[in-house]
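Since the structure comes first, as structure tokens, the remarks are kept for the end.
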Amino acid sequence: MKASVLTLGCKANQAESATIEANLFSKGFEIVGLTEMPDICIINTCTVTSKSDYQSRQLIRRANRAGARVFVTGCYSELNKDAVYSMDGVEDIIENSNKYRIISMITGFPVDITLSYEHISKSRLFVKVQDGCNYSCSYCTIPKARGKSKSIEVGTVIDHIDKASGIYNEVVLTGIHLGTYGYDLHPKTKLSYLVKTILNKTKIKRIRLSSLEINEIDEAFLELLYDVRVCNHLHIPLQSGNDRVLRLMRRNYTSGTFIKGIENIIKKHPEISIGSDIIAGFPTETDEEFRNTYNLLHSMPFSYLHVFPFSKRPGTLASTMAPDIDHSTKDMRVGAVIALGKRKKTDYMKQQIGQTLDSLIEEVDGDGTCTGITRNYLRVRAVVKSPEVKSVACVRIDGYTDEALLGHQ
């Protein structure tokens, strides 16, 4: 029987979908793309923006046209059950709180969250160690869709990574609010303890962290970054560089504490790659406040920026704030930050010329040219001897293009 798993949104969704795929594969299912006419299609949806909502509905319609039995899960279907059930072809919606129930529904067997997905070509192992969020940012519906923060036991995480360490060279620890890992466990623990335990008890060569908040990066965590197995890369959302807007967003830091936190990281790890998220055009944001954000971004040593126009989410506090920012102003602000992010990425790539970087190979072309990802989260195109997907090669950096470093082994 053929099954297709389609995924939108965050790395936590990607990790969940990989677990679903691995369980289906272990029970004899053939994992295929939607164009290969699957018997079953599972759609893991996202609702972080109105565009994500549209893409989720679009995938459901495509799966129905392909003639598959359609099962829907994820944050969009969690918050829009009636609308999803009204769509043609939807057989069932599986709630976020028990997402893996879909495996038992289809196979009749219980889920194993420690399976690896070596049957497909993904080069990195995404492991979801935390779900849910205890915060209440005014623009976000994810706490409603995912519930309170819940952590996976340390032993289960170790078991998963240990089983996969002979197949993968990099594990990506993911979560909805990763920095709160362990707060709900008994005894209470922290993300730094989990990472330290992974270093001590597994042989995985690279550990990468998904998004963390600035006030969750403590000295114990910064010490772990000195270990070569922990990738010198952090993603730390800013969202706004203006304190009034940050208060409206219900973010629990100020621009000043954010700056001090980044400066402390750079002081200890000067070559680290730091990326950030920005929301442009938040309701009531003035031109001057946007310039404050732009100037802060310009002054910070970011290696890349992800920028999003404010998207009104039904039921959130921000959706009631007025005045809203017109589309043309939002587009202008988004464009300005995107251009700044490109310049910062170019500046960071220039700093890599002449260095030798470990590159995890993700794709291999017929002529031996590889595409990989470095420890500091840069794409690299290089000619490598005897290349294999998932292997790590030492690459000498010779130059760069708009999208990737260029080098050779």
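Keep in mind the model is a prediction, meaning the values are calculated, not measured. Heavy atoms only: backbone and side chains are in, while hydrogens, waters and symmetry mates are out.
Salt bridge D243/R247: absent, no basic N to carboxylate O contact under 4.0 Å. By the 4.0 Å N-to-carboxylate-O rule, R375 lies too far from E170 to be salt-bridged with it. Here K2 does not pair with D39 in a salt bridge; the nearest charged N to carboxylate O distance is not below 4.0 Å. Using a 4.0 Å cut-off between a side-chain N of Lys or Arg and a carboxylate O of Asp or Glu, K190 and E216 do not qualify as a salt bridge. R313 and D53 are joined by a salt bridge, as a carboxylate oxygen and a charged side-chain nitrogen come within less than 4.0 angstrom of each other. Taking 4.0 Å as the cut-off between side-chain N and carboxylate O, R381 and D365 count as a salt-bridged pair. A salt bridge between R146 and E78 is absent, with no side-chain N of the basic residue lying under 4.0 Å from a carboxylate O of the acidic one. By the 4.0 Å N-to-carboxylate-O rule, E91 lies close enough to R69 to be salt-bridged with it.
For T401 (side chain) and A404 (main-chain N/O), a donor-acceptor pair under 3.5 Å exists by modelled atom type. In this structure, T202 contributes its side chain and D162 its backbone to no donor-acceptor pair below 3.5 Å. Side chain of S359 to main chain of A393: no donor-acceptor pair is present (N/O by atom type, distance under 3.5 Å, no hydrogens or angles). For H177 (side chain) and N134 (main-chain N/O), no donor-acceptor pair under 3.5 Å exists by modelled atom type. The backbone N or O of G241 sits less than 3.5 Å from a side-chain atom of T293, completing a donor-acceptor pair. In this structure a side-chain-to-backbone donor-acceptor pair under 3.5 Å is missing from E223 to L225. Here the side chain of S273 pairs a donor or acceptor atom with the backbone of N376 at under 3.5 angstrom. The closest donor-acceptor contact from the side chain of N13 to the backbone of T45 lies under 3.5 Å. Distance alone, capped at 3.5 Å, is enough to place a donor-acceptor pair between the T19 side chain and the A15 backbone. A donor-acceptor pair under 3.5 Å is formed between the side chain of N80 and the backbone N or O of Y76.
Within 6.0 Å of NZ in K150 there are more than 12 heavy atoms belonging to other residues, nucleotides or ligands. Summarising the local packing, OH of Y54 is surrounded by 12 or fewer heavy atoms from other residues, nucleotides or ligands at distances under 6.0 Å. For E388, the CD atom counts as loosely surrounded, since its 6.0 Å shell holds 12 or fewer non-hydrogen atoms of other residues, nucleotides or ligands. The 12-atom threshold is not exceeded at OH of Y193, counting heavy atoms of other residues, nucleotides or ligands nearer than 6.0 Å. The number of heavy atoms from other shown groups lying within 6.0 Å of CZ (R57) is above 12. Surrounding CD of E403 are at most 12 heavy atoms belonging to other residues, nucleotides or ligands under 6.0 Å away. Around the CD atom of E271, the shell of radius 6.0 Å holds no more than 12 heavy atoms that belong to other residues, nucleotides or ligands. Counted within 6.0 Å of CG on D82, heavy atoms from surrounding residues, nucleotides or ligands total 12 or fewer; the atom is thus considered open.
For the pair K188 and Y183, the cation-pi criterion (under 6.0 Å, within 45° of the ring axis) is fulfilled. Geometrically, K27 engages F109 in a cation-pi contact defined by less than 6.0 Å to the ring centre and at most 45° from the axis.
Note: S123 OG to I361 CD1 = 10.0 Å, rounded to the nearest 0.5 Å.
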- Message: Please determine whether ring pair (Phe, Tyr, Trp, His ring centres under 6.0 Å) holds for the pair Y348 and F302, giving the CA-CA distance in whole Å, both sets of side-chain angles, and the decisive distance to 0.1 Å.
- Response: CA-CA 8 Å; Y348 188 69; F302 293 120; over 10 Å; no
- Message: Using side-chain contact (heavy atoms from CB on, under 4.5 Å), reason through S240 and I279 one step at a time and then give a plain yes or no.
- Response: CA-CA 7 Å; S240 173; I279 297 174; over 6 Å; no
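Across all non-hydrogen atoms, the minimal contact from G315 to S319 is N-OG, 4.1 Å. Between D402 and M349, the shortest heavy-atom contact is O-CE, 3.9 Å. A pairwise comparison of heavy atoms in S104 and P110 identifies OG-CA, 3.8 Å as the closest pair.
The shortest side-chain heavy-atom distance between V337 and F290 falls under the 4.5 Å cut-off. Two residues are said to be in side-chain contact when any heavy atoms from C-beta on lie closer than 4.5 Å; L6 and L59 meet this criterion. Contact of the I207 side chain with the C231 side chain is not registered, since no non-hydrogen atoms from C-beta on lie closer than 4.5 Å.
S149 and Q130 form a side-chain donor-acceptor contact under 3.5 Å, judged by distance and modelled atom types alone.
Between Y139 and F282, the ring planes lie perpendicular to each other; the angle is over 60°, past the 30° to 60° tilted range. Ring geometry, H306 versus Y304: the interplanar angle falls from 30° to 60°, so the pair is classed tilted.
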